[in-house]
Amino acid sequence: MNNILQLGKSCCGCSGCEQICPKKCITIQPDSEGFLYPVVDESKCVDCGLCVKHCPIMTDAKRCDEPKVYAAKYKDRTSAFKSTSGGLFIPLAKEVLAKGGVVFGCAYDENLVARHIAVSNESELYKLQSSKYVQSDTRGIYKQVKTLLADDKYVLFSGTGCQVAGLKTFLNKDCEKLLTVDIVCHGVPSPALFKNYVDYMGRKLGGKLTSYNFRSKEKRGWDLYYKAENGKKSKSDYGFFDPYYSAFLYCKTYRESCYECKFANKNRVGDISLADFWGIQKFHPDFYDENGVSLVLVNTEKGKDYFDLIKDRLEIIESDYEKASAMNSNLVVASERPACRDTIYDGFDGLDFDSYVKTKLAFKVNPKTKIKKMIPLGVKRVLKKLH
Ligand SMILES: Cc1cc2nc3c(=O)[nH]c(=O)nc-3n(C[C@H](O)[C@H](O)[C@H](O)COP(=O)(O)OP(=O)(O)OC[C@H]3O[C@@H](n4cnc5c(N)ncnc54)[C@H](O)[C@@H]3O)c2cc1C
């Protein structure tokens, strides 16, 4: 067997194999946990090995050795407020759109399913803003990127390290007009688990959810704070106090491949990497901003060219990898697989999701964290001034 099935649970679910297969014998289907994996129709497979050759786990995409490290903030703070960290993704995206290009990234559809989409209009960029802490569906997307590049269009592709590597191994050549932005990633829960959780939250709020923001800055500024809405009611709180979110933060519900992620290190796969600059208060206290600071890794010459183009719209200071990764472990190593991962998905797709939440997603909050998190933003501002 010289096909993608050799990969087993090491598959990252990028769906590049489905898109490259000349015999169309690979389909991508959810497993019992709701993660997408390739399924091969062996009767049509001719063992050509293309799926293996273009797989980002079995074949290495080009990586960088020594990124330049910056802390940065987008000066348009209204836009940055809607983004996860310092809002750097938007000026990069605008730069590509200004060249008549197309931007690819993760958006929710009308049912809050996270999917990669193409955006060619500034007015739609908001759909890609803010992190969705669930695996995004990239089926069919690499082919769209290839077609646009063949038409001589500029393209920005953003996604997790494995998704960017998937695109690069799919294309298998340097493309001058392609800018890749990898998002530093802790790991991804399954789309089916998120769907069940969204339905559960909808029931709690008395109507189907219309939006779910994992990184709402409205009440607590730059933090791990969510807001769920259904048009009439909303609920917001710290991620640590929510069953789905805390399981995510404690690495309990990730795809198996996330625990052996080969992109969680300094050898970045994108031209630029974006993340939260956790620890900025400690290392660059004067640069802290309650609405978020981005960590930017400029990994290639092309990344540098784009960063130079948007510099006048940013506040920037130089930093180093040690400081950047001190409180951001996934810049150094993959997330650790906890023992509870063995059974965490048992019963998630049954009839009684409420019981599943109470048992499998039960969480304890450290009393110190609870007290710290109860302090309102206004009081924090005063305390900061007194320091
Ligand atoms: C699952 C996940 C885990 C993360 N883990 C960490 C972490 O451990 N440490 C850290 O510092 N940062 C992490 N991040 C990245 C961080 O949350 C921000 O996405 C990043 O700082 C960019 O923020 P921004 O303000 O520049 O842009 P934003 O406007 O917030 O841009 C969002 C960008 O993220 C992309 N995106 C959003 N959701 C997804 C998704 N599900 N899959 C792929 N791409 C997506 C969009 O396409 C867009 O490019 C994670 C992001 C995700 C999606």
Side-chain angles (χ1 to χ4, degrees), residues 12-14 70-74 76-77 79-94 96 103-108 112-119 124-138 141 156-167 179-191 194 212-217 222-226 239 245 248-251 253-255 258 261 263-264 270 272-280 289 291-297 307 310 314 324-335:
C12 66
C14 74
Y70 301 92
K73 297 180 258 190
Y74 187 25
D76 179 344
R77 298 312 278 164
S79 170
F81 191 77
K82 295 181 200 140
S83 281
T84 311
S85 38
L88 264 279
F89 170 68
I90 289 296
L92 286 169
K94 282 188 173 174
V96 171
V103 175
F104 286 83
C106 170
Y108 286 130
L112 299 184
V113 176
R115 299 180 191 287
H116 265 58
I117 60 162
V119 169
E124 290 193 4
L125 272 182
Y126 74 92
K127 293 180 182 171
L128 310 183
Q129 280 183 289
S130 205
S131 290
K132 292 96 186 164
Y133 292 143
V134 57
Q135 187 157 36
S136 172
D137 189 340
T138 50
I141 291 295
L156 184 164
F157 179 87
S158 66
T160 56
C162 55
Q163 291 170 335
V164 170
L167 173 65
L179 174 71
T180 52
V181 175
D182 75 77
I183 303 292
V184 171
C185 178
H186 212 229
V188 285
S190 104
F194 184 59
Y212 190 96
N213 185 350
F214 280 98
R215 299 294 298 270
S216 171
K217 293 177 179 172
W222 179 39
D223 213 323
L224 298 162
Y225 197 89
Y226 73 89
Y245 207 146
F248 166 77
L249 293 172
Y250 290 113
C251 317
T253 49
Y254 298 164
R255 191 182 176 96
C258 298
C261 177
F263 307 102
I272 291 180
S273 308
L274 295 178
D276 289 285
F277 203 129
W278 299 128
I280 193 86
D289 189 304
N291 284 322
V293 180
S294 288
L295 165 66
V296 188
L297 305 176
F307 193 56
I310 64 166
L314 309 177
S325 57
M327 295 177 75
N328 211 336
S329 59
N330 296 97
L331 285 165
V332 184
V333 67
S335 293

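All ligand and atom numbering here is 1-based and tracks the order in the structure.
- Both the backbone and the side chain of Asp276 come within contact range of ligand 1, each with a heavy atom under 4.0 Å.
- Atom OH of Tyr108 sits about 6.5 Å away from atom NZ of Lys132, to the nearest 0.5 Å.
- Inter-residue side-chain proximity for Leu274 and Val184 is flagged as unmet; no heavy-atom pair is nearer than 4.5 Å.
- Atom 2 (C) of ligand 1 has its nearest heavy-atom neighbour, among Tyr133, Phe277, Trp222, Phe89, in Tyr133.
- In this structure, the protein non-hydrogen atom closest to atom 53 (C) of ligand 1 is Lys132 O, 3.7 Å.
- Nearest non-hydrogen protein atom to atom 18 (C) of ligand 1 is Ser131 OG, 3.4 Å.
- The side chain to side chain donor-acceptor pair (under 3.5 Å) test applied to Ser325 returns no partner, not counting sequence neighbours.
- Within the listing of ligand 1, atoms 43 (C), 44 (N) sit less than 4.0 angstrom from a heavy atom of Gly159.
- Against a heavy-atom cut-off of under 4.0 Å, Gly105 is close to the following atoms of ligand 1: 47 (O).
- Evaluated by nearest non-hydrogen atom to atom 11 (O) of ligand 1, the leading choice among Asn328, Val184, Asn330 is Asn328.
- If you number the atoms of ligand 1 from 1 as listed, the ones under 4.0 Å from a heavy atom of Gly86 come out as 25 (O).
- Listed by atom number, the atoms of ligand 1 under 4.0 Å from Val188 heavy atoms are 1 (C).
- Checking side-chain atoms of Thr84 against main-chain N and O of Ser131 turns up a donor-acceptor pair under 3.5 Å.
- Scanning the protein heavy atoms around atom 47 (O) of ligand 1, the nearest turns out to be Cys106 N, 2.8 Å.
- Protein heavy atom nearest atom 20 (C) of ligand 1, with residue, atom name and distance: Ser85 OG, 3.7 Å.
- The nearest protein atom to atom 42 (N) of ligand 1, hydrogens excluded, is given as Ser136 CB, 3.8 Å; this is a heavy-atom distance.
- Proximity of Val134 to ligand 1, defined as any heavy-atom pair under 4.0 Å, is confined to the backbone N, CA, C and O atoms.
- Ligand-side atoms of ligand 1 in range of Gln129: 29 (O), range being under 4.0 angstrom from any heavy atom.
- Polar contact check, Gln135 against ligand 1: no nitrogen or oxygen pair lies under 3.5 Å apart.
- Ring geometry, Tyr245 versus Phe214: the interplanar angle exceeds 60°, so the pair is classed perpendicular (tilted spans 30 to 60°).
- Those atoms of ligand 1 that come under 4.0 Å of a heavy atom in Gly187, given as number and element, are 1 (C).
- Ion pairing between Lys217 and Asp223 fails under the 4.0 Å rule for side-chain N and carboxylate O.
- Across the listed options Thr84, Leu128, Leu88, Leu128 owns the non-hydrogen atom lying nearest to atom 46 (C) of ligand 1.
- Looking only at heavy atoms of the protein, atom 43 (C) of ligand 1 is closest to Gln163 OE1, 3.3 Å.
- With a 4.0 Å cut-off on non-hydrogen atoms, Ser83 touches ligand 1 through its backbone as well as its side chain.
- Note on ring orientation: taking the six-membered ring where Trp is involved, the planes of Phe307 and Tyr70 are tilted (angle from 30° to 60°).
- Protein heavy atom closest to atom 33 (C) of ligand 1, with residue, atom name and distance, is Ile183 CD1, 3.7 Å.
- Sorted by first and then second residue, the pairs that involve residues 181-191 and meet salt bridge (charged side-chain N to carboxylate O under 4.0 Å, His left out), not counting sequence neighbours, are Asp182-Arg268.
- The shortest separation from a heavy atom of Gly87 to ligand 1 is under 4.0 Å, placing the residue in contact.
- By the criterion of a heavy-atom distance under 4.0 Å, the side chain of Arg215, and not its backbone, is placed next to ligand 1.
- Classification of the His186-Tyr254 ring pair by plane angle, with boundaries at 30° and 60°, yields perpendicular.
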